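Report on the structure given below.
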Amino acid sequence: MPELPEVETTVRALRPLLVGRTITGVRNDWPRHLGNVDLATLQQQIHGRSFQTVTRRGKYLVFNLSDGAALIIHLRMSGHLAVVDGGAAPQPHVHTIFALENGQELRFKDPRKFGKVYLAHDLAEVLGGLGPEPLATDFTAAVLQERLNGRKRALKPLLLDQTFIAGVGNIYADEALFAARLHPQRAANSLSQEEIVVLHGAIQRVLRLGIAREGASIDLYVKPDGTRGDMQNAVNVFRRTGQPCYVCGRPIERMVLGGRSTHFCADCQI
DNA sequence: ACCGGAGCCTGTTAGC
DNA sequence: TGCTAACAGGCTCCGG
């Protein structure tokens, strides 16, 4: 569930707590949390390094360290990061912990255990396959048009494809298509230039709204401090099956596309 | 290029 | 009420 806005919210909350802090140790009780590195190597390589920057690429959190390497974390479905005092009570589902020199800890809680921790000396080792960053200034409608060109796939699974565009997940894909008034099954290469411009604007608008509202607390997601985001109160279609469309009143429909539940208004979206 | 399905997980929910 | 089964979903891998 954490998608671009939820990850961005997490990054913004963690940044002031981590930049300048030094890592003094790593603990892990679920080896599969570690994506491209084993615990011994991770401990040896990041011990004594400090956090230089805390940023985001797509749905990945990127922690640049003082030796040039980067710690990269993906929250996947249920991951949650928080900085707490080392003496704080142990919490269930915390499987990886980074101890800091100030006595605090960065705790990676992940009930469904899908999350991943990577160590990269070259970011491209982990992030190289990602598509464009949707809120970057160089992601223009023309770039979207070029990437849609010749693609026969339905729009919904294409938006979920991280190599097509980075950071969009199920919530924001449904919301962007509603905002663009485009049916989730529309073939990517069937869009007019005007529709592409509208879709481009819709993707950016729903992601920015999600960030402004600090994420959608629909299932497990909460901010690092444990409080809820507010985007769940601003969705138009996601998980609103059977409830009236805010624009036309027709009940929102649900279908499965690319294995994902997809919510849309059959009148508004064509 | 694209699609579908299995697998990874476990808390929550639907259904009996 | 209490149980089980299905479901949720980001991503990867597989076969077609």
Side-chain angles (χ1 to χ4, degrees), chain A residues 1-11 28-37 56-62 72-81 91-96 108-118 120 125-131 133-134 146-177 184-191 207 210 215-222 226 228-229 231-232 235 237-243 252 254-264:
Chain A
M1 294 185 345
E3 306 177 27
L4 187 154
E6 288 75 26
V7 176
E8 178 67 23
T9 301
T10 299
V11 162
N28 170 273
D29 70 358
W30 181 254
R32 291 208 253 197
H33 243 178
L34 307 181
N36 67 342
V37 64
R56 177 191 60 72
R57 174 78 172 97
K59 300 175 193 172
Y60 293 80
L61 293 105
V62 180
I72 299 175
I73 295 180
H74 198 304
L75 302 173
R76 295 281 185 105
M77 289 293 306
S78 62
H80 178 260
L81 291 167
Q91 299 147 290
H93 308 301
V94 170
H95 298 296
T96 303
F108 187 8
K109 183 169 78 172
D110 188 15
R112 292 180 198 168
K113 297 180 174 174
F114 287 173
K116 291 288 180 209
V117 176
Y118 306 91
E125 296 165 22
V126 178
L127 309 175
L130 290 176
E133 193 63 34
E146 185 203 344
R147 296 182 73 77
L148 288 169
N149 186 32
R151 305 295 296 264
K152 293 181 179 175
R153 287 179 88 175
L155 287 175
K156 171 68 185 275
L158 197 56
L159 290 179
L160 293 181
D161 183 343
Q162 300 301 296
T163 69
F164 179 78
I165 185 170
V168 177
N170 213 27
I171 298 173
Y172 295 92
D174 281 2
E175 293 300 317
L177 290 173
Q185 284 183 301
R186 272 286 291 280
N189 62 359
S190 73
L191 270 60
L207 292 174
S217 291
I218 289 179
D219 278 337
L220 294 171
Y221 168 78
V222 289
R228 290 161 60 82
M231 182 62 189
Q232 68 278 7
V235 296
V237 289
F238 189 74
R239 298 241 189 125
R240 292 197 64 244
T241 309
Q243 299 175 48
I252 299 300
R254 176 185 180 274
M255 68 188 306
V256 175
L257 265 187
R260 303 287 149 199
S261 68
T262 298
H263 314 78
F264 65 103

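Chain identifiers are assigned alphabetically (A, B, ...) following the order of the sequence lines, protein sequences preceding nucleic acid strands; residue numbering begins at 1 within each chain. This is a predicted model, so every value here is computed, not measured.
Atom CE of Met255(A) and atom P of dG4(B) are 10 Å apart (whole Å). Taking atom NZ on Lys156(A) and atom P on dG4(B), their separation rounds to 13 Å, with Å as the unit. Counting to the nearest Å, the C1' atom of dC9(B) and the CG atom of Leu75(A) are 16 Å from each other. dC2(B) atom P lies 15 Å from atom CG of Leu257(A), rounded to whole Å. Here the C1' atom of nucleotide dT12(B) and the CG atom of Leu220(A) are 9 Å apart, to the nearest Å.
Within the 4.0 angstrom heavy-atom criterion, only backbone atoms of the sugar-phosphate kind lie near Lys59(A); the bases stay farther away. Among the protein residues, Ser261(A) comes within range of the sugar-phosphate backbone only, with heavy atoms under 4.0 Å from sugar or phosphate atoms but none that close to a base. As judged by a 4.0 angstrom heavy-atom cut-off over every strand, Arg76(A) is placed among the base-contacting residues. Looking at heavy-atom distances under 4.0 Å, Tyr118(A) makes no contact with the nucleic acid at all.
Applying the side-chain hydrogen bond (donor to acceptor under 3.5 Å, both in side chains) test between Asn170(A) and each of Lys156(A), His263(A), Glu175(A) identifies Lys156(A) as the sole match. Each of Leu75(A), Val7(A), Leu130(A) was checked for a side-chain contact (heavy atoms from CB on, under 4.5 Å) with Lys59(A), and the lone residue meeting it is Val7(A).
Taking the 5' to 3' direction, DNA chain C first and last meets chain A under 4.0 angstrom from a heavy atom at dA8(C) to dC11(C).
Using a 4.5 Å heavy-atom cutoff, the side chains of Arg239(A) and Ile252(A) are not in contact. Using a 4.5 Å heavy-atom cutoff, the side chains of Gln185(A) and Phe264(A) are not in contact. Counting only heavy atoms from C-beta outward, the side chains of Pro134(A) and Leu4(A) approach each other to under 4.5 Å. Under the 4.5 Å side-chain criterion, counting only non-hydrogen atoms from C-beta, Asn189(A) is not in contact with Arg151(A). Side-chain contact between Arg112(A) and Arg76(A) is absent, with no heavy atoms from C-beta onward closer than 4.5 Å. No side-chain heavy atom of Asn28(A) sits under 4.5 Å from any side-chain heavy atom of Val117(A). Here the side chains of Leu191(A) and Leu155(A) are in contact, with some heavy-atom distance below 4.5 Å. A heavy-atom distance below 4.5 Å is not found between the side chains of Arg147(A) and Ile165(A).
Side-chain contact of Tyr221(A) with Gln232(A): a donor-acceptor pair under 3.5 Å is absent, judged by distance alone.
Along DNA chain B, the nucleotide nearest Asp110(A) and the nucleotide nearest Gly259(A) are compared for position; the residue whose nucleotide lies closer to the 5' end is Gly259(A). Position along DNA chain B of the nearest nucleotide to Arg153(A) versus Arg112(A) favours Arg153(A) as the more 5'-ward residue.
A close approach under 4.0 Å does occur between a side-chain nitrogen or oxygen of His93(A) and OP1 or OP2 of dG11(B). Considering only side-chain N and O atoms, Lys113(A) lies under 4.0 angstrom from the phosphate OP1 or OP2 of dT10(B).
Heavy-atom contacts from other residues, nucleotides or ligands closer than 6.0 Å to CD of Gln243(A) number more than 12.
Within residues 157-166 of chain A, the residues that place at least one heavy atom under 4.0 Å from DNA chain C are, in residue-number order, Gln162(A).
Listed nucleotides: dC2(B), dC8(B), dT10(B). Nearest to the side chain of Phe114(A): dC8(B).
Each end of the helix from dC2(B)-dG16(C) to dC16(B)-dG2(C) gets its own axis from five base pairs, and the two axes differ in direction by 60°, given to 10 degrees.
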